[in-house]
Amino acid sequence: MYLTLKGVEKSFQHNTNDKLKVLDDISFDIEKGQFVSIVGPSGCGKSTLLYLISGLDKATKGKIEVAGEPVNNPGPDRVVVFQEDGLFPWATVLDNVMYGLLLKKTPKKEAEQKAKEMLKLVHLSNYAGAYPHQLSGGMKHRVSIARALVMDPDILLMDEPFAALDEQTRMTLHHELLEIWRRTKVTVLFVTHNIREAVLLSQKVIVMGTRPGKIKTAFTVQTTQDGVTPDSITLDLEQKILAALEEEMEKVLREELGDDYSFKTGSVHRDSSGDMGSGI
Amino acid sequence: MLETLFTGITGGQITEAMFRSIGRLLFGFIIASTLGLFLGYLIWRFKIVDETLGFLVVALQSIPSIVWLPLAIVWFGLGETAILFVVTIGATWTMTMNTTSGFKNVPTLYQRVAKTFGSSGFHLLRTVIIPASVPQIISGMRLAWAFSWRALMAGELLGAGGGLGHLLETGRSLGQMDLVISVMIIIAIIGTIIDNVVFTKLDRSIQKKWGLSS
């Protein structure tokens, strides 16, 4: 087991003595080199869980270990790719990618070379000298992925990295991410609310429930993954995950809209791709 | 009058006063900027400082800096130091307030990104917090400059030791209105040049680099 979570709990101080429990008794293991997704309804604490693993936030209870070492602080071995690209607007693309390397005390020449190689991997070598605002949304995300990968992290933590992108860009990036993952053999933990994305990309999908956030079930995905085309196996799995999530969604809606809300099974339009008949 | 302006500049009377004033201003301005940055950092970093000094700064900022002159004269005597004090104090509070709000408004995302790469402490300040608040710091400097320029003129007018303000006072006591107006023109020109050329350019180049305007 590479990344281990044992009984992780997280509460936020709501008022002075009112505590809000966001995560309750989260336990799972991830093996080295695995691509694992976490799906769940909004507000179930997926992102919080990711921040706990990254060390940006501290768990109230429980243990988080990477290769046997407990996680205390954020470190370059567990880099996060955020939903927004988070590129520094005052630095060029190359400087952005080099940021972490220079922090690790890599000699400048070597850092520059590595950053350029990484930019080539995400097909942006022509934009090394550009400033972030000159790039499109998809390009910015490529840079932010390059910036994380150049650190050669043990675990890549991705927090809905493609949520803000359009469908075409997202599909291309899925493809490229898988390619990079196969090449670098980095362990990926991918948080998303898009079930199809989770199923297509990962080897294992963890489904989370909400209020408080806990692990509901986990599915293993068995299919060749090109990250773009769904097949009968993935579609079937999508349905299973959706069924598992439906109960949770009802809980969220009840809480938000009141108890009289009645939720009809199967009333939610599936998936976001919007392709009518894509399951035929 | 134009003749006075011309001979004043060539003859050195106005030029000398001008350099004297600018020298003082730069000195005071640099101290104020450094101090403002430092105080802004403290207010941003420590909550207790924010609650105490932060409030005080707002109060102090509302005092026109020339009001400090009587106190400065008592402390330092009527001379170079007193004027410098007034110039510095006029700019420091504005600078502090702008720095603080700049630091406080650095998006959490940038800080998180830097932290996941292992940045913290002084490195975080140097590579993320300060660069991210540069636009705010520059507008703070612009304001600080305007405040200290006004404070300097008032201080020189009342105090002693040369400078453009003092030259104004000389012109008045000698009844030389042409000199007074020449000096006013010079003051306006310097103010415009610094504001429109130096700061506007700086501002614009940053806006462009950040993609805030084309």
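Lettering of chains follows the sequences in order, A, B, ..., and the numbering in each one begins at 1. Only a predicted model underlies this, so the values are computations on that prediction, with no experimental measurement involved.
Contacts with chain A (heavy atom to heavy atom, under 4.5 Å) involve no residue of residues 53-63 of chain B. Contacts between residues 109-119 of chain B and chain A, defined by a heavy-atom separation under 4.5 Å, are made by B:Leu109, B:Tyr110, B:Arg112, B:Val113, B:Ala114, B:Lys115, B:Thr116, B:Phe117, B:Gly118, B:Ser119.
Checking A:Glu197 against A:Thr192 by side-chain atom types alone, a donor-acceptor pair falls below 3.5 Å. Donor-acceptor pairing under 3.5 Å is lacking for the side chains of B:Asp203 and B:Thr200.
For B:Thr127, the parts lying near chain A are the backbone and the side chain together; criterion is any non-hydrogen pair under 4.5 Å. With a 4.5 Å cut-off on non-hydrogen atoms, A:Leu87 touches chain B through its backbone but not through its side chain. Proximity to chain A is absent for every atom of B:Val134, based on heavy atoms less than 4.5 angstrom apart.
Atom NZ of A:Lys105 sits in a sparse spot, with 12 or fewer heavy atoms from other residues, nucleotides or ligands closer than 6.0 Å. The environment of B:Phe103 atom CZ is dense: over 12 non-hydrogen atoms of other residues, nucleotides or ligands sit within 6.0 angstrom.
Classification of A:Lys108 and A:Glu112 as a salt-bridged pair fails, no side-chain N sitting under 4.0 Å from a carboxylate O. Checked for salt-bridge contact, A:Arg142 and A:Glu176 meet the test: a charged N lies under 4.0 Å from a carboxylate O. Using a 4.0 Å cut-off between charged nitrogen and carboxylate oxygen, B:Glu156 and B:Arg20 do not count as a salt-bridge pair. The residues A:Arg78 and A:Asp154 are annotated as not salt-bridged, no charged nitrogen and carboxylate oxygen being separated by less than 4.0 angstrom.
With hydrogens and angles disregarded, no donor-acceptor distance shorter than 3.5 Å links the side chain of B:Ser101 to the backbone of B:Gln136. Remark: the backbone N or O of B:Leu164 is paired with a side-chain donor or acceptor of B:Ser21 at under 3.5 angstrom. Not a single donor-acceptor pair under 3.5 Å links the side chain of A:His123 to the backbone N or O of A:Leu119.
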Item to check | Criterion side chain to side chain contact (heavy atoms under 4.5 Å, CB included) on B:Arg204 and B:Lys208, from CA distance to verdict | outcome: CA-CA 6 Å; B:Arg204 216 171 270 163; B:Lys208 204 170 170 191; over 6 Å; no
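Ranked by non-hydrogen atom pairs under 4.5 Å with chain B, the options A:Phe82, A:Tyr51, A:Trp90 are led by A:Trp90. Contact count against chain B (heavy-atom pairs under 4.5 Å) is highest for A:Arg147 among A:Arg147, A:Gln134, A:Glu84.
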